[in-house]
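Notes for the one structure printed next.
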Amino acid sequence: MQASYFKIMNDNATQTEQKSFCYANGLVSALSLALLTSDKLLQLAQSPSLADALKFLRETKFGAGKSVENPEDFEQLLQTEWESVTEFISAQSAQKAATDCFLLAHDIHNLKVLTKQKYLRLTESGVPLLRGVYPVQSLTTSVLQDDYSALPKEIAQGLEDIDKQFYLGNRKPSVIDALLQKAYYKTVTRLLKSCKSPQLKAYFTIEIDCKNILSLLRIKKHGLTKDALSLMFIADGALPRKLFDALYAAPADGISALFDAEEAYQPYRDFIKTALAEYKNNLPFTQTELLYVDMQNKIIVPHKSDVDGILPLIQYYLAKKTEIDNLRLIVVCIKNRIAQNEIIKRLRKVYV
């Protein structure tokens, strides 16, 4: 199944069909057959060299089996594949508010990078600029011209708040990250009100709560003041701000007890246990972040075969995003001679 198949699918759809859950979910069912399984990813991760990895990937027909000779070309292949996925999701979504909740996350990443370039002359390596709801070029123009009128009101306000903070001399990358992250989740909270999907509400509630927990632990690890918690705390999760005030004041050994004290906090018991283990051992929160993604997927995946609803399209988007993220991780790690067991530990779980 070729990357251009996304375009064929879209071109063959009528305007009525493009806004039909049943039609879109039928297309998703067909496209899902081409997703790389966990076994394929493991085989790729165990490639003895970068050349072998790229050859193996070509044989899977990913990206229409296009030949890739070096990692730079490989990134272009991933970006082309992502553009196709984004166009497909946007064209087939019968509930734009729901799919925008996910696509906007990429716009927020792009805006963070662009705003840091504007104010701090910082360039970021790692995840490249990838289209979300808006083309990268239009976001670039908005940031350079200080014109945020085309963006959701919450994100526009977040960018204006950043402008004010930098004018006042509070010129820190963390300010950009925190204010844009808050703006994103304010936008998501508004969009979800029109979706009426308990699964999507639960999905983003988990994301907000887990990010707040990780922010709290990073603040404690670096000995930052409570003002940092106020800056980074995201509202609209299930875990209240008063809990995080208590967590901030508690010693590391007392954090688990605070979660055990309330039945409402029980869903996060395993998450906090994993997070504390990495925190106490001074490790990056790699396994913890994988765990909360797994928690989220368990909400969406049981609905991937629903006929009449947006969740199959969203599940396909998440599966494709995970596939592309895993492929980028594998190729970069092989290029940098990372041990195979380390690569495998970092892979995100796939639900094919």
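Along the sequence shown, residues carry numbers from 1. Scope of the values below: all heavy atoms of this structure, side chains included, with no hydrogens, waters or symmetry mates.
Asp163 and Tyr119 form a side-chain donor-acceptor contact under 3.5 Å, judged by distance and modelled atom types alone. The closest side-chain donor-acceptor pair between Thr37 and Asp39, if any, does not fall under 3.5 angstrom.
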Item to check | Evaluation steps, side chain to side chain contact (heavy atoms under 4.5 Å, CB included), between Ile155 and Ile108 | outcome: CA-CA 8 Å; Ile155 296 174; Ile108 291 297; 3.8 Å; yes
Checklist entry - Could you go step by step and tell me if Lys349 and Glu323 meet the salt bridge (Lys or Arg N to Asp or Glu O under 4.0 Å) rule? => result CA-CA 9 Å; Lys349 189 174 181 180; Glu323 177 183 81; over 6 Å; no
Item to check | Test side chain to side chain contact (heavy atoms under 4.5 Å, CB included) applied to Glu75 and Val331, step by step | outcome: CA-CA 9 Å; Glu75 181 56 48; Val331 169; over 6 Å; no
Next on the checklist: Does Glu278 form a side-chain hydrogen bond (donor to acceptor under 3.5 Å, both in side chains) with Thr288? I'd like the steps, not just the answer.
Outcome noted: CA-CA 8 Å; Glu278 293 187 313; Thr288 311; 2.5 Å; yes
Checklist entry - What do the steps show when you test Asp177 against Lys172 for salt bridge (Lys or Arg N to Asp or Glu O under 4.0 Å), and what is the final call? => result CA-CA 9 Å; Asp177 290 338; Lys172 300 176 182 177; over 6 Å; no
Item to check | Intermediate values then yes/no, side chain to side chain contact (heavy atoms under 4.5 Å, CB included), Tyr316 and Lys304 | outcome: CA-CA 8 Å; Tyr316 176 72; Lys304 68 179 184 179; over 6 Å; no
Next on the checklist: Set out, in order, the CA-CA distance, both residues' side-chain angles and the distance that settles side chain to side chain contact (heavy atoms under 4.5 Å, CB included) for Ile324 and Leu130, then state yes or no.
Outcome noted: CA-CA 12 Å; Ile324 291 173; Leu130 297 173; 5.8 Å; no
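Counting heavy atoms from C-beta on, the side chains of Pro198 and Tyr203 never come closer than 4.5 Å. Here the side chains of Tyr279 and Ile255 are not in contact, with every heavy-atom distance at 4.5 Å or above. The shortest side-chain heavy-atom distance between Phe88 and Leu313 falls under the 4.5 Å cut-off. Two residues are said to be in side-chain contact when any heavy atoms from C-beta on lie closer than 4.5 Å; Leu44 and Ser47 meet this criterion. Contact check for Leu103 versus Ser90: side-chain heavy atoms found under the 4.5 Å cut-off. Considering only heavy atoms from C-beta on, Lys153 stays 4.5 Å or farther from Gln157 through its side chain. A 4.5 Å side-chain heavy-atom check between Ile310 and Ser93 finds at least one atom pair inside the cut-off. Looking at Leu36 and Leu57, their side chains come closer than 4.5 Å, going by heavy atoms from C-beta outward.
Atom CG of Leu139 is separated from atom NE2 of His106 by 12.5 Å, given to the nearest 0.5 angstrom. A distance of 13.0 Å separates CG in Leu41 from CZ in Arg348, rounded to the nearest 0.5 Å. Note that the CG atom of Leu214 and the CG atom of Asp209 stand 11.0 Å from one another [nearest 0.5 Å]. Taken to the nearest 0.5 Å, the CD atom of Gln43 stands 10.5 Å off from the OG1 atom of Thr60. Rounding to the nearest 0.5 Å gives a distance of 9.0 Å between CE of Met232 and CG of Leu229. Expressed to the nearest 0.5 Å, how far CD1 of Ile89 lies from NZ of Lys321 amounts to 13.0 Å.
By the 6.0 Å contact criterion, NZ on Lys182 is enclosed, its count of non-hydrogen atoms from other residues, nucleotides or ligands being greater than 12. In Lys298, the NZ atom is not crowded: 12 or fewer heavy atoms of neighbouring residues, nucleotides or ligands sit closer than 6.0 Å. For Lys220, the NZ atom sits in a packed shell: over 12 heavy atoms of surrounding residues, nucleotides or ligands are nearer than 6.0 Å.
Salt bridge Lys118/Asp146: present, at least one basic N to carboxylate O contact under 4.0 Å. The pair Asp325-Arg328 meets the salt-bridge criterion, since a charged nitrogen lies less than 4.0 angstrom from a carboxylate oxygen. Look at Glu87 and Arg131 and you find no salt bridge, because none of the NZ, NE, NH1 or NH2 atoms lies under 4.0 Å from a carboxylate O.
By the 30° and 60° cut-offs, the orientation of the rings of Phe204 relative to Phe102 is tilted.
For Asp253, the side chain to side chain contact (heavy atoms under 4.5 Å, CB included) partners are Lys280, not counting sequence neighbours. Every ring-ring contact (aromatic ring centres under 6.0 Å, His included) that Phe233 has, sequence neighbours left out, goes to Phe244.
Residues Leu120 and Leu179 are members of one and the same hydrophobic cluster, defined by side-chain heavy-atom contacts under 4.5 angstrom among Ile, Leu, Val, Met, Phe, Trp and Tyr. Both Leu42 and Ile330 sit in one connected hydrophobic cluster of ILVMFWY residues. Membership requires side-chain heavy atoms under 4.5 Å apart, directly or through other members. Linking ILVMFWY residues whenever their side-chain heavy atoms come closer than 4.5 Å, directly or via other members, leaves Leu290 and Ile206 in distinct clusters. Under a hydrophobic-cluster definition in which Ile, Leu, Val, Met, Phe, Trp and Tyr are linked whenever side-chain heavy atoms come within less than 4.5 Å, directly or via other members, Ile344 and Phe56 are assigned to the same cluster.
Aromatic ring centres of Trp82 and Tyr317 lie closer together than 6.0 Å.
Not a single donor-acceptor pair under 3.5 Å links the side chain of Asn170 to the backbone N or O of Phe166. Side-chain atoms of Glu207 never come within 3.5 Å of backbone atoms of Tyr292 as a donor-acceptor pair (strictly under, hydrogens ignored). Side chain of Asn336 to backbone of Val332: a donor-acceptor contact under 3.5 angstrom is found. A distance-only check finds a donor-acceptor pair linking the side chain of Asn25 to the backbone of Gly309 [under 3.5 Å]. Counting only distance, with no hydrogens or angles, the side chain of Asp147 and the backbone of Ser142 share no donor-acceptor pair below 3.5 Å.
For the residue pair Ser256 and Leu276, the shortest heavy atom distance occurs at OG-CD1, 3.2 Å. Between Arg190 and Pro152, the shortest heavy-atom contact is NH2-CB, 3.9 Å. The nearest pair of heavy atoms linking Asp52 to Pro48 is OD2-CG, 3.0 Å. Leu258 approaches Ala250 most closely through the heavy-atom pair CD1-CB, 3.9 Å. Nearest heavy-atom pair across Leu192 and Lys201 is CD1-CA, 4.2 Å. Scanning both residues, Phe271 and Cys210, for their nearest heavy atoms gives CZ-CB, 3.5 Å.
The side-chain hydrogen bond (donor to acceptor under 3.5 Å, both in side chains) contacts involving residues 235-249 comprise Thr189-Asp236, Ser230-Arg241, Arg241-Asp245, where partners must be two or more places apart or lie in separate chains.
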